[in-house]
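As structure tokens, the structure follows; a few thoughts come after it.
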Amino acid sequence: MSKKIQQTYAAFAQYLGLQVDDSGAIYGQRGGFSWTIFPADPRYPYQLRVCTAAQRASGALTKEEIRTFKTGRKPVIYMGQQLHTISITVNAKGAMGQNHLSEALDAFATFLHTQSFHPCCQNCGQAQPTEGYYVSGGYMQLCPACVETLTRNHNSAQLQQKQKSENLLGGIVGSLIGSLLGVVCIILLSQLGYVAALSGVVMAVCTLKGYELLGGKLSNRGIVISVVVMVIMIFVGDRIDWAILVSQQVDVPLPVAFRAIPDLLAQELILPSAYWGNLVLLYIFTLAGAIPTVRSSVRNRRVRNIIYRLGRQPVEQ
């Protein structure tokens, strides 16, 4: 998160009478409810998700209630409920951003009171005092009992993860099996006339997940091995794709066409520029799809066992 965005969030928090956590989340009490405010998507830092934990005896929000609340409130671009979490997304970009956020927040609180909602724990749904917590990369409003339970579960999961041994051979086999799905995706998309980043996402997700499933856990070493497997299997997948084309053109079995690719390149029956250009393009698009996936995997490993109360220094459990 850039310094400019951090400063903007701090200004929002001050204007709203709330606080801001080091993670960037705005949190606190206002209008009788506990709030957590954070970007719905990090790519759009001024589209802020405003969340509270609440419930009522008559059940969840209806479509008509959602439509009624959004009517006439242009900055509110989303409203919804999942279990005990009710949220809106507010466009807070521009000079009037903090005003839009403040007005939407107050209207939201008034609406919840009017519709007979009352604060509760986001996890158990009990009408207990709650505080905002960062839990495994997300935010929750939790009662003391649920904090204790989740912390205990996180500690147990962390201990199990540390005790779990890494099966290197199994991980390699798993990454190879997973990468085969990526190869299939490359070939299918190519046969349809596309070289797309989607193949990179499929290749990365399946290769990394394959390593984790059969290797026991995904370590930094596992990520490196998986990346090497991706590089090799992309080359293999591209050659299979060309072999299919040759097989169709000259009516020879696929294995024969596969082995003939180097000779066809040497004789320029396959244009080297077309062959290598396609491979380079495939690597570029695969890289574009794989990098976010690898980064996400690393981040998830880093935060999945972190739980702390907002406003306190993060401590990995």
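No experiment lies behind these values; they were computed from the predicted model shown.
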Could you work out, with salt bridge (charged side-chain N to carboxylate O under 4.0 Å, His left out) as the rule, every residue matching [X], not counting sequence neighbours?
X    : answer
E268 : none
E148 : R152
R259 : none

Might you point out which heavy atoms bring [X] and [Y] nearest each other, and give the distance in Å?
X    : Y    : result
M230 : T207 : CG-OG1, 3.9 Å
L214 : G174 : CD1-CA, 3.5 Å
I234 : L279 : O-CD1, 4.3 Å
D241 : I187 : OD1-O, 4.3 Å
F69  : A104 : CZ-O, 4.3 Å
S179 : L176 : OG-O, 2.7 Å

Out of curiosity, does [Y] fall in the hydrophobic cluster containing [X] (side-chain heavy atoms, cut-off under 4.5 Å, transitive links)?
X    : Y    : result
M96  : L16  : no
L271 : F235 : no
M233 : I244 : yes

Flag for Y308-D22: side-chain donor and acceptor within less than 3.5 Å:
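Y308 and D22 do not have a side-chain donor-acceptor pair below 3.5 Å.
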
Taking transitive links into account, so neighbours of neighbours count too, which hydrophobic residues share a cluster with I77 at under 4.5 Å side-chain distance?
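Besides I77, the hydrophobic cluster comprises nothing; the residue is isolated.
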
Connecting only ILVMFWY residues whose side-chain heavy atoms lie within less than 4.5 Å of each other, what is the rest of I284's hydrophobic cluster?
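Members other than I284 - counting any ILVMFWY side chain reachable under 4.5 Å - are V280.
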
Determine, stepwise, if the pair L18 / I26 fulfils side chain to side chain contact (heavy atoms under 4.5 Å, CB included).
CA-CA 7 Å; L18 303 176; I26 299 169; 3.8 Å; yes

Rounded at 0.5 Å granularity, tell me how far [atom1] in [X] sits from [atom2] in [Y].
X    : Y    : atom1 : atom2 : value
S175 : M203 : OG    : CE    : 10.5 Å
S87  : Q82  : OG    : CD    : 7.0 Å
C120 : L83  : SG    : CG    : 10.0 Å
T8   : K3   : OG1   : NZ    : 12.5 Å

List in chain and number order the residues that pass side-chain hydrogen bond (donor to acceptor under 3.5 Å, both in side chains) with [X], two or more places apart in sequence or in another chain; answer none if no residue qualifies.
X    : result
T62  : E65
S219 : E166
Y139 : S23

Can you list every pair that meets salt bridge (Lys or Arg N to Asp or Glu O under 4.0 Å) and has a residue in residues 175-184, with sequence neighbours left out?
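Non-adjacent pairs meeting salt bridge (Lys or Arg N to Asp or Glu O under 4.0 Å): zero.
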
Under the 3.5 angstrom rule, does the side chain of [X] hit a backbone N or O of [Y] as a donor-acceptor pair?
X    : Y    : value
S190 : I186 : no
T151 : V147 : yes
E131 : Y133 : no
D21  : L310 : no
Y9   : P45  : yes
T68  : E64  : yes

Applying ring pair (Phe, Tyr, Trp, His ring centres under 6.0 Å), can you list everything that pairs with H118, at least two apart in sequence or on another chain?
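Result, ring pair (Phe, Tyr, Trp, His ring centres under 6.0 Å) vs H118: none returned.
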
Can you list the residues that meet the ring pair (Phe, Tyr, Trp, His ring centres under 6.0 Å) rule with Y275, with sequence neighbours excluded?
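Ring pair (Phe, Tyr, Trp, His ring centres under 6.0 Å) list for Y275, sorted by chain: W242.
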
Evaluate the criterion side-chain hydrogen bond (donor to acceptor under 3.5 Å, both in side chains) for residue pair S34 and Q29; output intermediate values, then yes/no.
CA-CA 5 Å; S34 297; Q29 301 273 338; 2.4 Å; yes

Take D263 and L265 through the test side chain to side chain contact (heavy atoms under 4.5 Å, CB included) and record every step on the way to the result.
CA-CA 5 Å; D263 292 335; L265 283 170; over 6 Å; no

Could you go through Y15 and N99, starting from their C-alpha distance and side-chain angles, then the distance that decides it, and tell me whether this counts as side-chain hydrogen bond (donor to acceptor under 3.5 Å, both in side chains)?
CA-CA 9 Å; Y15 187 80; N99 298 85; 3.2 Å; yes

For Q14, does the CD atom sit with more than 12 other heavy atoms under 6.0 Å from it, leaving out its own atoms?
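No, because the 6.0 Å sphere around CD of Q14 holds 12 heavy atoms or fewer from other groups.
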
Given S116 and R56, is the side-chain hydrogen bond (donor to acceptor under 3.5 Å, both in side chains) satisfied, shown in steps?
CA-CA 6 Å; S116 302; R56 64 181 176 184; over 6 Å; no

Pair F108, H113 - check side chain to side chain contact (heavy atoms under 4.5 Å, CB included), show working.
CA-CA 9 Å; F108 193 11; H113 284 300; over 6 Å; no

For residues 35-42, which side-chain donor-acceptor pairs fall under 3.5 Å, sequence neighbours excluded?
unit_1 : atom_1 : unit_2 : atom_2 : d
W35    : NE1    : R30    : O      : 2.7
W35    : NE1    : F33    : O      : 3.3
T36    : OG1    : Q141   : NE2    : 3.1
D41    : OD1    : R43    : N      : 2.9
D41    : OD1    : R43    : NE     : 3.2
D41    : OD2    : R43    : NE     : 3.1
D41    : OD2    : R43    : NH2    : 2.7

